[in-house]
Protein chains: 2
Amino acid sequence: MAEVTLQSQTRADEAFDCLQTAIVTGELAPGEKIGEVELCSRFNLTRGPLREALGRLESRGLLVRRPHAGVKVVSVSAAELLELYRIREVMEGLAARQAAERMTDEEIAELQATLDSHEKMIEQAQGQAYYQAEGDYDFHHRIATGSRNAKLAQMLLGDLYYMVRMYRYRLSTSAGRPHLALREHRRIVEAIAQRDGELAEFLMKRHINAARINIEKKIEEGVLTI
Amino acid sequence: MAEVTLQSQTRADEAFDCLQTAIVTGELAPGEKIGEVELCSRFNLTRGPLREALGRLESRGLLVRRPHAGVKVVSVSAAELLELYRIREVMEGLAARQAAERMTDEEIAELQATLDSHEKMIEQAQGQAYYQAEGDYDFHHRIATGSRNAKLAQMLLGDLYYMVRMYRYRLSTSAGRPHLALREHRRIVEAIAQRDGELAEFLMKRHINAARINIEKKIEEGVLTI
DNA sequence: CTCGGAGGTTTTGTTGACAATAAATGCCCC
DNA sequence: GGGGCATTTATTGTCAACAAAACCTCCGAG
């Protein structure tokens with residue numbers, strides 16, 4: 001995370017962070033109907049800041065809100081999750097292309113170092129889960145910010161990733177193809193290092209498409225039920 | 001708009017709509033610092049709902065908010081506006097592809113009818129401005145919803161279009177190439193009618209890319225100063 | 001004359017109480 | 001006994017007062 005302050009600046013921010021992580025980690029289950037007063041007592045807040053946070057979360061699509069009828073956590077169907085990957089495919093493809101054009105040499109070096117550490121974690125068996133969950137997130141995060149496209153990064157990091165991560169937590173064994181994913185990551189970074197934006201875009205799109213197909217297959221097999 | 005209720009259901013929604021249109025139309029200028037109490041008196045609201053609306057607008061990127069220091073309307077530079085078009089290019093490309101695969105025959109017929117009415121407006125000289133502003137929006141709106149990709153439509157209609165429209169209003173003569181744009185629209189609809197998703201995506205990307213280059217050129221010429 | 005700090009003022013952030021609306025329950029009628 | 005309507009209740013939406021923080025101004029010293 002790029003958050004510099006561990007302590008949130010305002011109560012509303014605090015509420016926002018709490019609720020967001022609670023939703024992403026599954027502490028608040030999808031489809032669960034939640035009352036405002038209950039949330040207040042659970043997170044030690046008052047209703048003012050809470051409502052502000054709820055508004056923000058609603059406009060980010062993490063929860064839905066019917067007037068006078070309460071708030072419930074959004075529940076994403078399997079089909080919708082796959083649609084999310086379709087969006088990621090084109091947006092992260094663009095991010096990779098722009099990253100290849102705009103990342104500094106230092107950033108590229110850091111990106112490579114990141115992959116090195118990921119490789120070590122995979123070699124140690126227990127690191128596998130971490131790599132899939134946080135490591136992958138880390139990689140894509142760097143490329144999104146490296147695109148130097150503020151709105152693109154905001155949309156990817158602020159909107160899409162939280163929804164995807166919501167399911168990463170739940171089905172932590174989601175991909176289960178760490179070596180393959182790492183190899184694909186390496187190729188993407190290679191293209192970025194060579195400043196080949198077109199190739200980077202192509203490889204990134206293929207990478208995410210592969211992840212989508214993998215999930216699709218597992219859903220069909222009944223391994224993942226959403 | 002798909003809004004069925006002209007009157008907003010709750011005060012916060014009302015505040016949200018008011019502020020959003022005020023920002024988009026330029027009634028609230030970019031970079032303008034605005035106080036909460038002033039907004040309350042201007043739109044006949046109280047601070048509770050207003051703050052909720054401000055939170056939503058912030059998370060949509062239409063305004064920025066420093067703790068204890070107030071709110072100011074976001075000001076998008078020329079470079080950032082062009083970056084927005086890069087995002088639109090890939091996202092609307094995807095929308096066009098999915099629309100080609102998923103739109104019903106009725107929707108396609110309506111889309112064609114929409115273009116017919118646009119053509120009439122262009123023939124009547126005074127319609128030109130309308131076409132560029134609302135007509136173009138209408139066309140892209142239909143394709144976004146036709147993609148049957150809820151999140152994609154939400155991101156396009158909820159996030160990107162408002163930022164683009166913000167500048168459409170200001171520089172209403174933005175494109176000024178109505179006949180060409182209409183022809184491109186026709187080709188895209190044709191591809192959709194033939195269920196050729198790949199072609200629809202290609203044409204849409206080229207269409208938006210052309211619009212971006214057009215704006216870029218005008219900025220270089222000094223016609224548009226942002 | 002300029003720079004720094006302390007105080008005041010304005011503005012934001014927060015709180016708790018009040019009002020309005022929708023869901024739930026129980027009652028009456030069929 | 002079942003269905004529909006009215007009442008009740010709990011929850012959300014709204015408001016106005018309070019607390020805290022930042023900006024501005026004014027004063028003094030260098």
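Every chain is numbered from 1, with letters handed out A, B, ... down the list of sequences. We use all heavy atoms of the structure for the numbers below, so side chains are in, but hydrogens, waters and symmetry mates are not.
Residues A/L45 and A/A15 share a closest heavy-atom pair of CD1-CB, 3.4 Å.
Comparing A/A12 and A/H68 by the nucleotide of DNA chain C that holds the closest heavy atom to each, the one mapping nearer the 5' end is A/A12.
Across the protein-nucleic acid pair, A/E52 atom CD and C/dG13 atom C1' stand 9 Å apart, rounded to whole Å. Going from atom CD of B/E38 over to atom C1' of C/dT12 covers 15 Å, rounded to whole Å. Between A/E14 atom CD and C/dT14 atom C1' there is a gap of 13 Å when expressed in whole angstrom units. Distance, A/K33 NZ to C/dA24 C1': 12 Å, rounded to whole Å. We find that CG of A/L45 is positioned 11 Å from C1' of C/dT14, with the value rounded to whole Å. In this structure, the CG atom of A/L50 is 11 Å from the P atom of D/dG13, given to the nearest Å. Per the geometry, CG belonging to A/L63 stands 15 Å off C1' belonging to D/dT12, to the nearest Å. At whole-Å resolution of the value, CZ in A/R11 and P in C/dG16 are 10 Å apart.
Phosphate contact (OP1/OP2 of D/dT14, side-chain N/O of B/T10, threshold under 4.0 Å): present.
Judged by distance alone, with hydrogens and angles left aside, B/R47 brings a side-chain donor or acceptor within reach of the base of C/dG13, the pair sitting under 3.5 Å.
Relative to the side chain of A/R51, the nucleotides C/dG13, D/dG13, C/dT15 differ in distance, and D/dG13 lies closest. With D/dG13, C/dG13, C/dT15 as the choices, the nucleotide that has an atom nearest any side-chain atom of A/R65 turns out to be D/dG13.
B/D159 CG to B/I87 CD1: the interatomic distance, rounded to the nearest 0.5 Å, is 9.5 Å.
In this structure, A/R66 reaches the sugar-phosphate backbone alone: every heavy-atom distance under 4.0 Å involves primed, P, OP1 or OP2 atoms, never a base. Backbone-only engagement by A/G35 is indicated by non-hydrogen atom pairs under 4.0 Å involving sugar-phosphate atoms exclusively. Residue B/I34 is in sugar-phosphate contact alone, with no base atom involved, counting any heavy-atom pair closer than 4.0 Å across all strands shown.
Contact check on A/E92 versus A/R212 returns no salt bridge, with no Lys/Arg side-chain nitrogen under 4.0 Å from an Asp/Glu carboxylate oxygen. Taking a cutoff of 4.0 Å between a charged side-chain nitrogen and a carboxylate oxygen, A/E201 and B/R86 do not qualify as a salt bridge.
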task = Go through the steps to decide whether A/R51 and A/E36 satisfy the test salt bridge (charged side-chain N to carboxylate O under 4.0 Å, His left out), and finish with yes or no.
result = CA-CA 8 Å; A/R51 284 182 61 83; A/E36 292 185 2; 3.0 Å; yes
Q. When you look at B/D136 and B/H118, which way does the side chain to side chain donor-acceptor pair (under 3.5 Å) test go after all the steps?
A. CA-CA 9 Å; B/D136 192 68; B/H118 289 168; over 6 Å; no
Check nucleotides 6-10 of chain C for protein N or O atoms closer than 3.5 Å to its own N or O atoms and list the pairs.
none

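Put simply, the side chain of B/M163 does not reach to within 4.5 Å of the side chain of B/E80, judged on heavy atoms.
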